[in-house]
Amino acid sequence: MIPLKYLLDRKQDVIERLKVKHFDASEIVRHIEELNNLRRKTQAESDAKQAELNQISKEIGYLFKQGNKPKADELKHQTTAIKQQIQDLQQSLSDIEVKIENLLVLLPNLPHQSVPEGKGAEDNLIVRQGDIAAVPNKGLPHWDLAKKYDIIDFELGNKITGSGFPVYKGKGAKLQRALISFFLDEAIKAGFKEVIPPFLVNEESGFGTGQLPDKEGQMYFVQNDNLYLIPTAEVPVTNIFRDTILDEKDLPQKYTAYTPCFRREAGSYGKDVRGLNRLHQFDKVEIVVIEHPNRSYEQLEQMLVHAESLVQKLQLPYRIVKLCGGDMSFASALTYDIEVFSMAQNRWLEVSSVSNFETFQANRLKLRYRDTESKKNLLCHTLNGSALALPRIVAAILENNQTDRGIKVPDVLVPYTNFDIIN
RNA sequence: GGAGAGAUGGCAGAGUGGUCGAAUGCGGCGGUCUUGAAAACCGUUGUACCCGCGAGGGUACCGGGGGUUCGAAUCCCUCUCUCUCCGCCA
């Protein structure tokens with residue numbers, strides 16, 4: 001959510017920048033400005049009436065002490081009308097505030113200056129690309145390999161739960177565990193603190209990171225207890241810092257967490273959902289950083305380098321793209337995707353998304369730091385990235401490492417799996 | 001799940017209807033003293049919003065929401081959470 005003050009201080013700039021995300025904000029901004037003027041006027045009136053009532057109440061107390069009951073009773077009568085006025089003003093004030101809030105949440109985050117123009121994925125900017133020459137020419141897609149070596153059972157998952165909930169078996173299960181441990185260990189080496197958060201969150205947390213109110217349909221909801229299954233560790237981990245004021249010297253806060261992720265993925269179909277490409281439940285190691293606004297873009301680059309180092313160590317062919325305005329998420333100011341190439345599917349698979357949200361989440365979270373110089377509480381910047389999501393990494397490993405003898409396990413994983421071939 | 005107790009500022013902890021945004025202690029910050037540090041002493045120390053160029057003024061907030069009252073941290077209702085005991089349980 002864009003902070004109200006920021007928005008009103010630079011209306012024209014906001015409207016211009018949101019055009020990069022193909023969002024026309026002019027009507028909403030105009031409406032918000034109107035409502036805000038009304039809000040200020042209403043609060044001023046309400047405060048004045050309150051002050052008046054407080055004054056009278058003090059006098060009544062004083063008169064009672066003096067035993068001047070008649071005078072006190074006389075004053076009491078005056079308060080009836082004032083109280084009614086206050087109640088009415090308070091009611092309009094809260095109505096106005098709700099209206100402003102409802103409009104503010106409609107505005108996507110402002111894209112960073114460097115975000116390229118564009119409609120969709122085809123307009124993303126390729127930042128750098130690894131070597132894909134070494135990728136074997138042809139081979140089986142991972143869903144065939146999974147069956148051949150009996151390591152991932154999609155049918156069985158269908159029976160137990162439904163599509164998109166695979167069962168990992170034998171070396172397939174061990175490979176999951178190995179990847180999780182490897183990713184966590186690498187994150188810890190890079191200075192991230194490991195946490196295991198809850199896998200269900202309440203409504204406040206969903207709102208804090210921006211899943212609620214309008215991406216409700218993407219999350220599984222437990223009605224009896226009013227809880228949501230997390231779609232990513234970003235939600236519980238970032239919410240560690242909800243309603244928090246940090247010391248400036250405590251920035252950055254760098255966290256990593258492994259969690260399963262649950263996504264309803266309503267509306268997906270076709271080749272996108274084949275095999276491991278898009279699941280309802282999958283595993284991911286996430287990195288989350290709370291950073292000083294002056295350093296958040298530097299931090300974003302470091303996080304990208306960290307995620308990139310993982311695909312390098314796994315020796316997977318990859319590229320990094322900077323998302324264009326049309327392909328970016330609602331809450332992000334700048335996003336890099338890391339994609340690995342699968343020759344068997346002949347396509348790029350997104351395995352990581354690293355974003356800077358600037359103050360967009362922090363504003364909702366009320367996550368601030370105390371500025372040493374001004375002594376003011378200012379909004380932090382929040383960032384997060386996958387490091388990494390497992391399913392497509394597994395898909396790429398299976399597809400790109402297939403040999404006549406079986407699937408070759410990447411060297412860095414062997415200490416974790418204790419086997420070097422899946423056959 | 002049943003019974004009881006509780007929730008106050010960064011922390012501890014007083015406050016049971018009026019001058020309480022809240023005693024006191026600790027912590028933090030600034031200063032005096034000191035070669036330096038500690039101790040001691042003095043001062044200062046919550047958040048948000050509104051008005052104002054500013055100085056400054058106003059309003060709200062004592063777990064959340066609602067109520068009683070001229071006036072609520074204090075009384076009532078309700079929700080949430082914590083603790084103790086009992087039950088159940090990996």
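These values consider heavy atoms only, across backbone and side chains, with no hydrogens, waters or symmetry-generated copies. Convention: sequence-line order gives letters A, B, ...; per-chain numbering from 1.
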Euclidean distance for [atom1], [N] against [M] (whole angstrom):
N: G9(B); M: U47(B); atom1: C1'; value: 10 Å
N: U68(B); M: C61(B); atom1: P; value: 16 Å
N: G6(B); M: A14(B); atom1: P; value: 12 Å
N: A7(B); M: C62(B); atom1: C1'; value: 10 Å
N: G43(B); M: A23(B); atom1: P; value: 15 Å
N: A73(B); M: C20(B); atom1: P; value: 12 Å
N: G2(B); M: U74(B); atom1: P; value: 27 Å
N: A72(B); M: G15(B); atom1: C1'; value: 13 Å

Inset, instruction - If a pair satisfies salt bridge (charged side-chain N to carboxylate O under 4.0 Å, His left out) and one of its residues is in residues 408-419 of chain A, list it, with sequence neighbours excluded. - result: Lys408(A)-Asp411(A)
Legend entry - Nearest-nucleotide 5' precedence on RNA chain B, Arg370(A) against Tyr62(A): Tyr62(A)
Inset, instruction - Could you note down all residue pairs passing side-chain hydrogen bond (donor to acceptor under 3.5 Å, both in side chains) where residues 240-250 of chain A supplies at least one of them, sequence neighbours left out? - result: Ser205(A)-Arg242(A), Asn239(A)-Arg242(A), Asp247(A)-Lys249(A), Glu248(A)-His292(A), Glu248(A)-Thr372(A)
Inset, instruction - Determine which pairs satisfy ring-ring contact (aromatic ring centres under 6.0 Å, His included) with at least one residue from residues 22-43 of chain A, sequence neighbours left out, and list them in order. - result: none
Inset, instruction - Under 4.0 Å between any heavy atoms, over every strand shown, what does Asp73(A) touch: base, sugar-phosphate, or nothing? Just pick one. - result: nothing
Inset, instruction - Under a 3.5 Å limit for both distances, which nucleotide forms a Watson-Crick or G-U wobble pair with C29(B), could you say? - result: G43(B)
Legend entry - Residues that Tyr255(A) engages under side chain to side chain donor-acceptor pair (under 3.5 Å), provided they are two or more places apart: none
Legend entry - Under 4.0 Å protein heavy-atom contact, by nucleotide of nucleotides 63-79 of chain B - B base, S sugar-phosphate only: -------BS--------
Check the interface with nucleotides 57-62 of chain B: list each N/O to N/O pair with the protein under 3.5 Å, or write none.
| unit_1 | atom_1 | unit_2 | atom_2 | d |
| --- | --- | --- | --- | --- |
| G58(B) | N2 | Asp47(A) | OD2 | 2.9 |
| U59(B) | OP1 | Asn54(A) | ND2 | 3.3 |
| U59(B) | O2' | Asp47(A) | OD1 | 3.2 |
| A60(B) | OP1 | Gln50(A) | OE1 | 3.3 |

Taking distance alone, no hydrogens or angles, what donor-acceptor pairs closer than 3.5 Å link side-chain atoms of residues 45-53 of chain A to residues at least two apart or in another chain?
| unit_1 | atom_1 | unit_2 | atom_2 | d |
| --- | --- | --- | --- | --- |
| Ser46(A) | OG | Gln90(A) | NE2 | 2.8 |
| Asp47(A) | OD2 | Gln43(A) | NE2 | 3.3 |
| Lys49(A) | NZ | Gln85(A) | OE1 | 3.3 |

Show the atom names and distances, to 0.1 Å, of all donor-acceptor pairs under 3.5 Å that link a side chain in residues 175-184 of chain A to residues at least two apart or in another chain.
| unit_1 | atom_1 | unit_2 | atom_2 | d |
| --- | --- | --- | --- | --- |
| Gln176(A) | NE2 | Asp283(A) | OD2 | 3.1 |
| Ser181(A) | OG | Arg177(A) | O | 3.2 |

Inset, instruction - For C50(B), take OP1 and OP2 only and decide whether either is under 4.0 Å from a side-chain N or O of Arg39(A). - result: yes
Inset, instruction - Using a cut-off of strictly less than 4.0 Å, decide whether Arg368(A) has a side-chain nitrogen or oxygen near OP1 or OP2 of A48(B). - result: yes
Inset, instruction - Mind checking side-chain contact (heavy atoms from CB on, under 4.5 Å) for Pro293(A) and listing every partner two or more places apart, or none if nothing turns up? - result: Tyr369(A), His381(A)
Inset, instruction - Using the salt bridge (charged side-chain N to carboxylate O under 4.0 Å, His left out) rule, take Lys71(A) and Glu74(A) through it: C-alpha gap first, then chi angles, then the decisive distance, then the call. - result: CA-CA 5 Å; Lys71(A) 183 81 205 244; Glu74(A) 196 186 312; 5.3 Å; no
Legend entry - salt_bridge(Arg295(A), Glu298(A)) N-O dist < 4.0 Å: no
